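Right, one structure below, let's go through it.
This one's a predicted model, so the numbers in the text were calculated from it and none came from an experiment. In what follows, every chain begins at residue 1, and chains take the letters A, B, ... in the order their sequences are listed.
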Amino acid sequence: MAKQIQSIRGMHDILPDESGQWFWLESRARLILERYGYREIRTPIVEKTELFKRSIGEVTDIVEKEMYTFEDRNGDSLSLRPEGTASCVRAGIQHGLFHNQQQRLWYQGPMFRHERPQKGRYRQFQQIGVETFGFAGPEIEAELIALSKRLWDELGIDDVTLELNTLGTPESRRAYREVLVAFYEANRDQLDEDSLRRLDGNPLRILDSKNPQMQALNEGAPSLHDHLDDESKAHFEMLCRLLDDIGIDYRLNLRLVRGLDYYSHTVFEWTTTSLGAQGTVCAGGRYDGLVTQLGGRPTPAAGFAMGVERLLELIRVRQGEQGAYRPDAYLLLAGEAAQQAGFALAERLRGDLPALKLQVNIGGGSFKAQMKRADKSGADVALIVGDDELAAGHVTVKPLRDRDAAQQTVPYDSVRAILEARGETRDD
RNA sequence: GUGGGUGUAGCUCAGGUGGUAGAGCCCUGGAUUGUGAUUCCAGUGGUCGUGGGUUCAAGUCCCAUCACCCACCCCA
């Protein structure tokens, strides 16, 4: 036997048993997004590396050590996208979507990050992202949060908490950053290894350290909220009021600073405690500066992304299977003549009953074996055609799921009525 | 990138201190010449993750490597 080839580390197959759940979640998300007026955008999964360097930030972990970067045949540096916002903004600028316009967009697809795989963290993972452009007020952030909340309700997810914070305007954030760095420099001897590393790159992240000693030090650190300008405060207060109005609870988390460079004002995160260390299920915020950073005209922007694998994991924990595929009917073919004629019969049925999901037995097998397959397929009814039925132009319809219902042998033309009465031909 | 754990049949897992591999489920057939989901019987299926090494002998011990899981880091 030849040597087996395995899938790439951290990149997983979604097998038929799970794909139904994916489809179920995706359709629900799409429906809700459409209810809020969002339209889908699809962008390539490969972009110029430069795009991610300029948007995510050159000194972030994502860009520095997690991107799948390679040279194209003509020498360009390309990267598999590690997230969706950059592409979305790039496409919007390129096609003039932001030219004095408001846009509510969403996308869905695989993202790639070369991290050490873990529960809820994979090298290829699926995100559903939502991005809005041209909305400067806090109403849009409230809408984004309301939309995500509605999705949790729809999916039956109830153990997530909304964490909320503001970084203020870029100016106030920058000013605060200086104050904070000065504070940590003064206490340099107390910083752990990670924090020393962050001090240069992303000092705000030190606030979010899990190290108890750091947390103790952070108690005394200057607070971002003391350094917010009036505009930043007003924006945030308005958002909180809007959320209060629709009864969405949130927890103010001053340590929530987000890892990506481009955020300003609102940042939020939906977290759960039932997924181990990877507790963030959905995160986003406002990123007004990004469009100009990528060469567009000043355009207010806000959005979020959710990790589909993490959401599915949550749903799996809370409910059973959702959206598993099962045919409506399974066609048994008993006897040689029926086996041959049955193939054409199945096609005829599919032509006459377009909404019927019909699986036909292929590969023969004893009657018993075919019945077993019919049962295992999950079909609601078995359609039986043996040599007897074939000769008479009949089909036997046998309900498989309810004990009381009797099977009946009827002319082909009556099959439709029976299946329709049973609801097998409904679209679902 | 760092630390810890685990890899035995398609799946879930047994296999004290080395002696040449087992169960349940699944699948196939039969008990029931055309009636499944319950029962009973039988059968198929393994280079024990991979590659080296120690040994008369390795699933078991040693080394390397790959993958998965968990935590750190990072993030959705």
Side-chain angles (χ1 to χ4, degrees), chain A residues 1 3-12 15 17 56 60-66 82-85 108-130 148 160 192-195 197-198 201-202 205 208-211 256-260 268-272 275-284 303-314 330 332-335 338 361 363-379 381-390 396-403 406-407 409:
Chain A
M1 267 215 303
K3 198 175 177 237
Q4 275 190 31
I5 298 176
Q6 292 189 310
S7 63
I8 305 299
R9 178 175 206 192
M11 304 194 182
H12 299 296
L15 300 176
D17 280 348
I56 298 169
T60 56
D61 278 16
I62 292 181
V63 168
E64 273 184 337
K65 44 196 189 196
E66 292 176 3
E83 54 103 49
T85 302
Q108 175 213 54
M111 307 297 163
F112 302 84
R113 289 180 201 173
H114 191 106
E115 299 179 272
R116 188 92 174 246
Q118 208 178 310
K119 187 188 188 71
R121 192 175 77 180
Y122 310 103
R123 291 187 173 178
Q124 175 177 337
F125 61 101
Q126 199 79 6
Q127 277 191 342
I128 296 176
V130 181
S148 54
V160 286
D192 63 14
E193 207 177 314
D194 283 331
S195 301
R197 194 167 41 76
R198 287 161 172 160
N202 196 345
R205 284 215 61 88
D208 204 19
S209 174
K210 287 179 188 169
N211 184 338
L256 183 61
V257 293
R258 314 258 58 237
L260 284 64
F268 68 91
E269 219 169 78
W270 288 95
T271 61
T272 178
L275 285 185
Q278 259 55 49
T280 302
V281 145
C282 168
F304 68 83
M306 46 201 163
V308 179
E309 285 87 352
R310 292 182 187 178
L311 288 175
L312 283 172
E313 198 67 42
L314 266 188
Y330 189 98
L332 282 78
L333 305 170
N361 188 79
S366 67
F367 196 86
K368 183 194 179 82
Q370 293 197 37
M371 275 306 292
K372 277 190 170 178
R373 284 180 208 149
D375 181 47
K376 210 183 159 203
S377 76
V381 297
L383 302 178
I384 302 169
V385 174
D387 292 341
D388 298 350
E389 283 93 345
L390 189 66
T396 296
V397 181
K398 178 185 168 71
L400 292 172
R401 306 300 153 197
D402 38 329
R403 244 167 249 271
Q407 71 180 49
T409 302

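- Among the heavy atoms of the strands lying under 4.0 Å from A/Gly10 are primed sugar atoms or P, OP1, OP2 only; no base atom is included.
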Grab the N/O contacts between the protein and nucleotides 38-44 of chain B below 3.5 Å, and write none if there aren't any.
none

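- Comparing atom distances between the A/Gln127 side chain and each of B/A76, B/G36, B/C72 picks out B/A76 as nearest.
- Picking from B/C74, B/C72, B/G36 the nucleotide with the shortest atom distance to the side chain of A/Glu115 gives B/C74.
- Note on A/Glu389: a base of the nucleic acid sits closer than 4.0 angstrom, heavy atoms only.
- A/Phe125 has its CZ atom 8 Å from the C1' atom of B/C75, to the nearest Å.
- Across all strands, A/Ala374 comes closer than 4.0 Å to no nucleic acid atom at all (heavy-atom distances).
- Heavy atoms from other residues, nucleotides or ligands lying under 6.0 Å from CD1 of A/Ile8 number 12 at most.
- Base pairing in RNA chain B gives the following stems of 3 or more Watson-Crick or G-U pairs, range against range and under 3.5 Å: B:1-7 with B:66-72, B:10-13 with B:22-25, B:27-31 with B:39-43, B:49-53 with B:61-65.
- Residue contacts shown for A/Gly276 are limited to sugar-phosphate atoms, with no base heavy atom under 4.0 Å away.
- Between the side chain of A/Arg123 and the backbone N or O of A/Glu115 there is at least one donor-acceptor pair closer than 3.5 Å.
- In this structure a side-chain-to-backbone donor-acceptor pair under 3.5 Å is missing from A/Arg9 to A/Arg116.
- Distance A/Met371 CE to B/G29 P: 15 Å, rounded to the nearest Å.
- At least one donor-acceptor pair closer than 3.5 Å links the side chain of A/Gln370 to the backbone N or O of A/Leu333.
- When heavy atoms are screened at a 4.0 angstrom cut-off, A/Glu66 is found touching the sugar-phosphate backbone but no base atom.
- Counting any heavy atom pair closer than 4.0 Å across all strands shown, A/Ala369 reaches sugar-phosphate atoms only and no base atom.
- Within the nucleic acid shown, A/His114 has no heavy atom closer than 4.0 Å to any nucleic acid atom.
- For A/Arg205 and B/C75, the shortest distance from a side-chain N or O to OP1 or OP2 is below 4.0 Å.
- Heavy atoms of A/Lys65 sit nowhere under 4.0 angstrom from any nucleic acid atom.
- Distance from the side chain of A/Gln6 is smallest to B/A67 among B/C69, B/A67, B/G34.
- Remark: the A/Gln407 side chain and the B/U35 base include a donor-acceptor N/O pair separated by less than 3.5 Å.
- A/Ala338 and A/Gly386 make their closest contact through CB-C, 3.8 Å (heavy atoms, listed as atom of the first residue, atom of the second, distance).
- No engagement by A/Tyr330 is indicated, since no non-hydrogen atom pair under 4.0 Å with the nucleic acid exists.
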| request: Start with the C-alpha gap between A/His114 and A/Lys65, add the side-chain angles, then the distance that decides, and say whether side-chain contact (heavy atoms from CB on, under 4.5 Å) holds. | output: CA-CA 7 Å; A/His114 191 106; A/Lys65 44 196 189 196; over 6 Å; no
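- As judged by a 4.0 angstrom heavy-atom cut-off over every strand, A/Ile128 is placed among residues making no nucleic acid contact.
- Between A/Lys398 and the phosphate of B/G36, there is no side-chain N or O to OP1/OP2 separation shorter than 4.0 Å.
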For nucleotides 3-10 of chain B, which of its nitrogen or oxygen atoms have a protein nitrogen or oxygen under 3.5 Å away, and what is each distance?
from: B/G3; atom 1: O6; to: A/Arg116; atom 2: NH2; distance (Å): 3.3

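- Contacts of A/Ala334 with the nucleic acid, taken as non-hydrogen atoms under 4.0 Å apart, are absent.
- Within 3.5 Å, no donor on the side chain of A/Arg121 pairs with an acceptor on the base of B/C70, nor the reverse.
- Phosphate contact (OP1/OP2 of B/A71, side-chain N/O of A/Gln118, threshold under 4.0 Å): present.
- Between A/Lys372 and A/Asp375 no salt bridge is recorded (no basic side-chain N to carboxylate O distance below 4.0 Å).
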